[in-house]
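Residue numbering restarts at 1 for every chain, and letters A, B, ... go by the order of the sequence lines.
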Number of protein chains: 2
Amino acid sequence: MPRPREFDEECVVAAIREVFWDKGYAATSVDDLMRASGLGKGSLYGAFGDKHRLFLRVLREYNDTNDRVLRERLASASRAVHFVREFVHGPSRDSTGASAQRGCLLANSTAELATSMPDVAAEARRSYDATAEILTEAIERARREGDVDPGVDADQVAYAVLAAQLGVVALGRTGMGVGALASVAESALTRLLPSPGHE
Amino acid sequence: MPRPREFDEECVVAAIREVFWDKGYAATSVDDLMRASGLGKGSLYGAFGDKHRLFLRVLREYNDTNDRVLRERLASASRAVHFVREFVHGPSRDSTGASAQRGCLLANSTAELATSMPDVAAEARRSYDATAEILTEAIERARREGDVDPGVDADQVAYAVLAAQLGVVALGRTGMGVGALASVAESALTRLLPSPGHE
DNA sequence: CGAGTTCTGGCCTGACTGGTCAACAACGCG
DNA sequence: CGCGTTGTTGACCAGTCAGGCCAGAACTCG
């Protein structure tokens with residue numbers, strides 16, 4: 001009975017995500033969002049509420065997708081240790097360095113907004129905890145598969161690996177070359193995940 | 001012959017630093033800066049140029065101070081390994097967690113602005129490189145002092161330690177408790193800086 | 001065809017943005 | 001005491017901000 005929507009909600013969220021990702025929250029105007037999505041202000045506000053709620057929606061979807069992808073990659077990895085290595089090296093896997101410099105929407109948003117928007121901080125924490133959980137599973141599996149020293153406490157190391165990856169992401173934002181970035185990641189990895197033969 | 005200034009430049013920069021630190025660049029208005037510094041708009045623009053240049057001035061001074069403090073701490077540390085440990089644990093050294101949640105001005109600014117302001121990215125890179133250099137010195141000294149396994153490549157480990165610290169700072173911004181933060185830092189440290197007895 | 005419902009896009013507002021500028025004030029020198 | 005130089009002030013600018021609102025369009029069902 002009602003008039004049907006002329007846009008696909010997911011496409012709009014995706015387009016808007018790119019803008020927030022590129023410019024940050026405060027530097028993005030509602031006009032930018034209208035242009036990127038092709039929607040009028042009325043449609044945007046009707047469907048998503050104000051800028052703040054729209055941003056939170058984008059961020060949550062981004063995090064959920066990331067978590068899902070990580071789980072899938074772990075499930076389909078031949079060896080769990082490859083998954084962990086790929087996770088830390090992620091930011092340096094770019095021939096041009098453009099995506100490395102762009103960083104991670106979650107990391108960027110947390111740094112910009114955690115103080116003034118508690119819900120962003122909470123969402124970030126939730127997502128990081130989920131990631132750490134996946135990493136814990138991966139490290140446990142890698143231990144069983146004989147690729148990681150059995151003495152390591154998977155839960156403890158998981159957060160250290162996560163911190164290292166966040167650090168690599170942060171360094172990537174400075175424009176550090178992907179080669180240097182990869183060697184930082186590698187340096188952290190070899191020490192955080194000692195092979196079984198090393199004792 | 002000229003009319004003397006009625007303000008101390010350093011005090012103004014310090015006051016303004018706090019505002020940028022709390023709110024971020026884009027969310028800070030020139031009005032905020034006037035209120036925080038007590039200066040009129042004309043004085044502010046006359047002394048520092050526009051908002052962008054003022055921010056860069058603040059950031060540079062922040063980084064220089066940080067580097068200087070780090071050098072002093074290393075020079076006066078009884079053992080270099082204590083300095084490195086303190087460096088990584090820094091973000092978790094707060095009883096309330098308020099300063100941990102506030103994060104680091106440099107890290108916040110880089111995440112917010114690296115894409116749109118190349119000079120911020122360059123300044124960040126310069127500062128991180130300087131920090132890594134100090135860390136390299138510290139690790140070499142710790143090796144000589146017998147606190148760190150002589151097999152570690154100080155230069156490689158320095159960047160890994162830096163990345164770990166950046167990660168701890170990022171996690172701190174999510175409101176993670178200082179206790180949890182400290183254990184992440186500790187977990188990373190014990191693996192990145194193995195004691196000599198461990199081989 | 002008409003009634004009911006939702007969607008759409010643009011207009012409006014009024015507050016706020018970063019930045020400029022001209023008038024005025026405070027000082028040292030001659 | 002002027003005079004030149006610089007600092008300070010507040011008014012002012014055009015433009016942008018987020019958000020509210022509404023008249024009309026597009027659709028389904030009766």
Rounded distance (Å) that lies between atom P of C:dC7 and atom CZ of A:F48: 11 Å

Rounded interatomic separation in angstrom, taking CZ from A:F55 and C1' from D:dG19: 19 Å

Lys/Arg N to Asp/Glu carboxylate O, B:E133 vs B:R71, below 4.0 Å: no

Between C:dG18 (P) and B:L33 (CG): distance, integer Å: 8 Å

Lys/Arg-Asp/Glu bridge criterion (N-O < 4.0 Å) met for B:E112, A:K23: no

Nearest-nucleotide comparison on DNA chain D, the residue closer to the 5′ end among A:G42 and A:Y25: A:Y25

Interatomic distance, B:L44 CG vs D:dG10 C1' [rounded to whole Å]: 14 Å

Whole-Å gap separating P (C:dC21) and CG (B:D50): 14 Å

Under 4.0 angstrom between A:K51 side-chain N/O and D:dA18 OP1 or OP2: yes

Pair A:R141 + A:E145: basic N to acidic O under 4.0 Å: yes

Distance-only donor-acceptor test (3.5 Å): side chain A:K41, base D:dG19: yes

Sugar-phosphate only, base, or nothing, as touched by A:G46 at under 4.0 Å among non-hydrogen atoms: nothing

Separation of D:dG10 C1' from B:R35 CZ (nearest whole Å): 16 Å

Cationic tip of A:K51 above A:F20 ring, under 6.0 Å, 45° of axis: no

B:S29 side chain near C:dC16 phosphate (N/O to OP1/OP2, under 4.0 Å): no

Side-chain N,O (B:S43) to OP1/OP2 (D:dG7) below 4.0 Å: no

Nearest-neighbour nucleotide for the A:Y45 side chain, D:dT8, D:dC17, D:dG19 considered: D:dG19

Atom pair distance, as rounded to whole Å: CZ in B:R53 and C1' in C:dG18: 15 Å

Enclosure of A:R93 CZ (heavy-atom neighbours >12, cutoff 6.0 Å): yes

Protein-nucleotide distance (B:D32, atom CG; D:dC17, atom C1'), rounded to Å: 15 Å

